[in-house]
*Asks:* 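Provided herewith is a single structure, encoded as structure tokens, for subsequent inquiry.
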Amino acid sequence: MNHLRFHSPMKKLINQPTHYVDEMLAGLLLANPSLKLDGGSQRVIRRANAVRSGKVGIASGGGSGHLPLFTGYVGDGLLDTCSIGNVFEGPNVESCEDAIRLAHGGAGVLCLYGNYGGDRMNFDMACEFLEAEGIATRTVLGTDDIASAAPDEAHKRRGVAGILYAYKAAGALAESGASLEEVARVAQKAVDATRTIGVALSPCRVPTANTPNFAIAPDEIEMGMGIHGEPGIWRAKLKTADAIADEMLERLLADRPIASGSRVSVLVNGLGATPLEELFILYRRTHQILSERGITIVQPLVGNYVTSMEMAGASISLHLLDAELEQLLLAPASCPFWKV
Amino acid sequence: MPITVQTLSDAVARSHARIERLEDQLNAADALLGDGDTGSMLARVIEKMAATDLSATSDIGAAFNALARAIMSATGSSLGTLLATGLLALAKATKGRSELPWIELSGLIGQAIEAMRIRGGASLGDKTILDALQSVAQSLAGITNASAAADVANAAASGARAALEHFKPLPCKIGRARLFPEKSTGAHDPGMLALALLLERSDLPESSAACLLKTVP
């Protein structure tokens, strides 16, 4: 079997498709001594230091293919542990159980991950097993993708880049010694305060697959597409960066109006193959629009924070701050891909 | 002869012997809608189940539990987790028993389906593995303790096959596949296809496509 599939339109720097995740994790760990590999399936990343006794633990998890998400956000002031699955496949139940157990410092564990059916099933099963062992858990789901369901079905929305803000808020509050109820409350508050929309320019390819995960004409884009290629709102010819940013902001602000005088954090996120230069062009326009509306930007994030391998495109997230969320956003944190 | 732990071991061993030949076909069926890895995923799952030593126990519930655990360490895919959920329901229902009369099988599968429905949120009719299992349970409802092993196996195979063909022209209504009804309409659901091919009675011919056209006696 020829593992170097050069007939594919997407070349990859890999050895064997089936080794993709394990070899990626090996390199991530070698480059980051702050992380440790753990769990029965060796698919849990945790902080090198064991969870502090009495601190609420925060466990996340998800499929591979989105670095820095999910594993990259394990660190002080953020996640304690993260279970990881194969590319675009949920982490197995055993890894979810291990991630929760390793995050437990006696004060319970918040499971904080994106709203995808498979991930939910696996974490729910793991939580049931561990509740029987006496570990208290709460679950909060990232549901920030406004293109994935209408506002009246907001609980059905998928979690995308905006989950970062929930990690930050919950992580900071947990470090301060807050209770599980409090940490879960603030995580949900951060999710509720965050909206994201994405735009895709080109697809990606799962390493074990022969074909890209969707087909799109060279001159077309898809507004609202999900991070695994889930269908978006419309598909049409490429427009200018400003026209795209204008529509994304218009949709975000229609979904969650933000009053003049408000303070927000903005994440302009690259999906993997889009250059930072283009992200800054989008950010420039985003800043203009928000400034014109009298909205102040706090701690902007521009870069590749949640990707879909070699997919080209970007997402914009708005995180509406109040005093509590702003304080938590600015609290110290350190992981391989984000330092505050 | 009633169902024992040995019956489970034999069923796993038979699936193990067969899955390798089905892997590419199941991957291809999944590629129409998903990442094209259902066959490889099931191969990994069944490999792990086959490597699970059940010889130390005569408790059918414990054996089902060990097989569920094997799945839960082999995959995070929804189909895998649903299968584990079903086996855990069977484990609970058969805990402490070393023999099960065959007439209980249909009802037990019904209990597994109920647990899978609650876990995954699918309804009967959504075109998932649940529909295939429901059809198998209905087929098995007619068997008696006097039924020959071949009759039981034939009933299970025809149940799975009937569901596969019934749902082929219908769209899938849950999971990622529901986002692409035009792709699932007219295509076999990979999970249903896997069950039908694993329960298929006759030895697989060279061309697995031919196997699909074959009718169950």
Side-chain angles (χ1 to χ4, degrees), chain A residues 1 17-18 21 39-44 61-65 83-99 113 116-126 128-129 147-149 156 158 204-215 225-226 228-232, chain B residues 23-24 27-28 30-45 47-48 65 68-89 91-92 115-122 126 128 172-183 191:
Chain A
M1 184 168 154
T18 49
V21 175
S41 311
Q42 290 288 289
R43 287 293 179 87
V44 177
S64 294
S83 52
I84 185 156
N86 292 326
V87 174
F88 292 1
E89 178 180 306
N92 65 44
V93 178
E94 180 183 71
S95 300
C96 294
E97 266 187 274
D98 290 338
Y113 55 96
Y116 295 90
D119 296 5
R120 244 182 20 234
M121 270 199 270
N122 297 352
F123 266 104
D124 284 353
M125 272 178 99
E128 286 165 25
F129 294 146
S148 57
K156 288 188 179 174
R158 295 185 291 265
C204 59
R205 178 169 67 84
V206 173
T208 49
N210 286 319
T211 53
N213 65 337
F214 62 90
M225 181 167 262
H228 312 93
E230 295 93 339
Chain B
E23 187 173 336
D24 288 345
N27 282 345
D30 183 46
L32 294 175
L33 293 149
D35 296 334
D37 61 355
T38 295
S40 305
M41 184 275 290
L42 284 173
R44 209 163 65 235
V45 161
E47 176 83 42
K48 197 112 187 208
N65 194 61
R69 283 275 161 192
I71 298 177
M72 289 187 286
S73 67
T75 184
S77 74
S78 302
L79 179 57
T81 300
L82 281 173
L83 294 173
T85 300
L87 291 183
L88 284 176
K92 206 172 156 192
M116 293 162 80
R117 193 186 61 73
I118 291 167
R119 175 67 63 202
D126 283 353
T128 68
C172 174
K173 295 186 201 156
I174 192 163
R176 249 178 71 92
R178 81 180 189 286
L179 303 172
F180 311 95
E182 74 286 357
K183 291 187 190 173

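Proteins get letters first, then strands, A, B, ... in listed order; numbering begins at 1 in each.
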*Asks:* Closest heavy-atom contact between B:Gly120 and A:Met121?
*Replies:*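 Taking B:Gly120 first and A:Met121 second, the nearest heavy atoms are CA-SD, 3.9 Å.
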*Asks:* Determine, stepwise, if the pair A:Val93 / B:Arg69 fulfils side chain to side chain contact (heavy atoms under 4.5 Å, CB included).
*Replies:* CA-CA 9 Å; A:Val93 178; B:Arg69 283 275 161 192; 5.8 Å; no
*Asks:* Work out which heavy atom in A:Gly229 is nearest to a heavy atom in B:Phe180; give both atom names and the distance.
*Replies:*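 What the structure gives for the nearest pair is O-CZ, 4.4 Å.
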*Asks:* For B:Thr81 and A:Asn122, what are the C-alpha separation, side-chain angles and deciding distance, and is it a side-chain hydrogen bond (donor to acceptor under 3.5 Å, both in side chains)?
*Replies:* CA-CA 7 Å; B:Thr81 300; A:Asn122 297 352; 2.5 Å; yes
*Asks:* In the structure I gave you, are the side-chain heavy atoms of B:Arg119 and A:Arg120 within less than 4.5 Å of one another anywhere?
*Replies:*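 A side-chain contact is absent here, since even the closest heavy-atom pair is not under 4.5 Å.
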*Asks:* Chain A heavy atoms under 4.5 Å from B:Leu88: which part of the residue, side chain, backbone, both or neither?
*Replies:*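 It is the side chain, since no backbone atom gets that close.
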*Asks:* Let's test your reading of the structure: which of B:Ala74, B:Ser77, B:Ala31 forms the most heavy-atom pairs below 4.5 Å with chain A?
*Replies:*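 Greatest number of close heavy-atom pairs with chain A: B:Ser77.
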*Asks:* Tell me, for A:Phe129 versus chain B, whether the close heavy atoms (under 4.5 Å) come from the side chain, the backbone, both or neither.
*Replies:*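 Looking at A:Phe129, just its side chain touches chain B.
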*Asks:* Which heavy atom of A:Glu89 sits nearest a heavy atom of B:Gly76, and at what distance?
*Replies:*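 Closest approach of A:Glu89 to B:Gly76: OE2-N, 3.3 Å.
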*Asks:* Does any part of the side chain of B:Met72, heavy atoms only, come nearer than 4.5 Å to the side chain of A:Asn92, both counted from C-beta?
*Replies:*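 They are not in contact (no side-chain heavy atoms under 4.5 Å apart), so the answer is no.
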*Asks:* Minimum heavy-atom separation for B:Arg44 to A:Asn86, with atom names?
*Replies:*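 Closest pair (atom of B:Arg44, atom of A:Asn86, distance): NH2-ND2, 3.2 Å.
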*Asks:* Heavy-atom distance under 4.5 Å to chain B: side chain of A:Asn213, backbone, both or neither?
*Replies:*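 For A:Asn213, there is no contact with chain B at all, as no heavy atom is under 4.5 Å.
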*Asks:* If you count heavy-atom pairs under 4.5 Å between each of A:Gly90, A:Gly63, A:Cys96, A:Gly61 and chain B, which one has the most?
*Replies:*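 Most heavy-atom pairs under 4.5 Å with chain B: A:Gly90.
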*Asks:* If you count heavy-atom pairs within less than 4.5 Å of chain A, which of B:Thr85, B:Thr75, B:Leu79 leads?
*Replies:*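 Between B:Thr85, B:Thr75, B:Leu79, the count favours B:Thr75.
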*Asks:* Considering non-hydrogen atoms only, spot the tightest contact between A:Ser41 and B:Ser73 and give its length.
*Replies:*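 Nearest heavy atoms, A:Ser41 then B:Ser73: OG-O, 3.6 Å.
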*Asks:* Just give me the residue among A:His228, A:Glu94, A:Glu230, A:Glu97 that pairs up with chain B most often, heavy atom to heavy atom, under 4.5 Å.
*Replies:*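 Of A:His228, A:Glu94, A:Glu230, A:Glu97, A:Glu94 has the most heavy-atom pairs under 4.5 Å with chain B.
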*Asks:* Name the region of A:Gln42, side chain, backbone, both or neither, that has any atom closer than 4.5 Å to a heavy atom of chain B.
*Replies:*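 For A:Gln42, neither part sits under 4.5 Å from chain B.
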